[in-house]
**Q** 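The structure that follows is given in the form of structure tokens.
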Amino acid sequence: MKYTESLKKNFQFRYVYNRGKSLANRHLVMYVVKTGRQINHIGISVSKKVGKSVVRSRVTRLIRESYRLTEEEIARGYDIVIIARIYANKASFEEIKSSLKHLLKKHSLLLSKSVKKEEFG
């Protein structure tokens, strides 16, 4: 991921939970906080309710790959935490990707095509 770093520490996640705005759909919950930096920070949380470790790892990989493929369309300067819901355990890659894009649109984080061309040349 070119323009994104990971949230790793518990206090980073708590900051986003406490200060962030959250929206949800069937598969994912997304918390977003504006930071004003030039890069995004992303944290992915998949609880044990979703499934055993193999299932949780699969869901995490699907979310990370969906984010990576849409990364250039996402506005920068935000901390984002994505939480997988129980229904994500049986979801396909396409369902996770469309859920992620849906939440990014609802948070107004997707850039229009004209803005993308200006930013990325």
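All values derive from a computational prediction rather than experimental measurement. Computed from heavy atoms alone, side chains included, the values below leave out hydrogens, waters and symmetry copies.
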**Q** Are Glu65 and Lys97 ion-paired here, with the side-chain N under 4.0 Å from a carboxylate O?
**A** no
**Q** Of all heavy-atom pairs between Val59 and Val46, which one has the smallest distance, and what is that distance?
**A** CG1-CG2, 4.1 Å
**Q** Under a single-linkage definition using a 4.5 Å side-chain heavy-atom cutoff for Ile, Leu, Val, Met, Phe, Trp and Tyr, are Tyr17 and Tyr15 assigned to the same hydrophobic cluster?
**A** yes
**Q** Just by modelled atom types, is the Ser99 backbone N or O under 3.5 Å from a matching donor or acceptor in the Asn25 side chain?
**A** yes
**Q** Please say which of Thr35, Ile42, Val32, Leu7 ends up in a side chain to side chain contact (heavy atoms under 4.5 Å, CB included) with Val16.
**A** Leu7
**Q** Output the distance between atom CZ (Phe13) and atom CG (Asn18), rounded to the nearest 0.5 Å.
**A** 13.5 Å
**Q** To the nearest 0.5 Å, tell me how far Lys105 NZ sits from Lys101 NZ.
**A** 7.0 Å
**Q** What is the minimum heavy-atom distance between Phe93 and Ser66, and which atoms define it?
**A** CE1-OG, 3.4 Å
**Q** Give the minimum heavy-atom separation between Tyr78 and Asn40, together with the two atoms involved.
**A** N-OD1, 2.9 Å
**Q** Would a distance-only check, ignoring hydrogens and angles, find a side-chain to backbone donor-acceptor pair under 3.5 Å from Ser6 to Lys8?
**A** no
**Q** Keeping the roles fixed (side chain from Ser98, backbone from Glu95), state whether a donor-acceptor pair exists under 3.5 Å.
**A** yes
**Q** I'd like to know if the side chain of Arg76 and the backbone of Ile39 have a donor-acceptor N/O pair within less than 3.5 Å.
**A** no
**Q** Answer yes or no: are there more than 12 heavy-atom neighbours, outside Arg64 itself, under 6.0 Å from its atom CZ?
**A** no
**Q** Could you tell me whether the side chain of Glu71 and the main chain of Thr4 form a donor-acceptor pair under 3.5 Å?
**A** yes
**Q** Should Gln12 and His41 be marked as a side chain to side chain contact (heavy atoms under 4.5 Å, CB included) after you check the CA-CA gap, both sets of side-chain angles, and the distance that decides it?
**A** CA-CA 10 Å; Gln12 296 171 315; His41 290 94; 5.8 Å; no
**Q** Nearest 0.5 Å, what's the CZ-CG distance between Arg58 and Asn89?
**A** 8.5 Å
**Q** Does the side chain to side chain contact (heavy atoms under 4.5 Å, CB included) test come out yes or no for Asp79 and Arg19, once each step is laid out?
**A** CA-CA 10 Å; Asp79 284 354; Arg19 301 270 169 99; over 6 Å; no
**Q** Identify whether Tyr31 and Leu103 are in the same connected component of the hydrophobic contact network (ILVMFWY, side-chain heavy atoms under 4.5 Å).
**A** no
**Q** Between Ile44 and Tyr67, is there a side-chain heavy-atom distance shorter than 4.5 Å?
**A** no
**Q** Looking only at non-hydrogen atoms, find the nearest pair between His107 and Lys21 and report the distance.
**A** CE1-O, 3.2 Å
**Q** Please say yes or no: joined through hydrophobic side-chain contacts below 4.5 Å, possibly via intermediate residues, are Val29 and Val55 part of one cluster?
**A** no
**Q** Mind listing the closest non-hydrogen atom pair of Ala88 and Ile96 along with its distance?
**A** CB-CD1, 4.0 Å
**Q** Which heavy atom of Ile74 sits nearest to which heavy atom of Leu110, and what is that distance?
**A** CG1-CD2, 4.3 Å
**Q** Please say yes or no: joined through hydrophobic side-chain contacts below 4.5 Å, possibly via intermediate residues, are Tyr87 and Ile63 part of one cluster?
**A** no
**Q** Consider only side-chain heavy atoms of I, L, V, M, F, W and Y, link residues closer than 4.5 Å, and tell whether Ile82 and Leu109 are in one cluster.
**A** yes
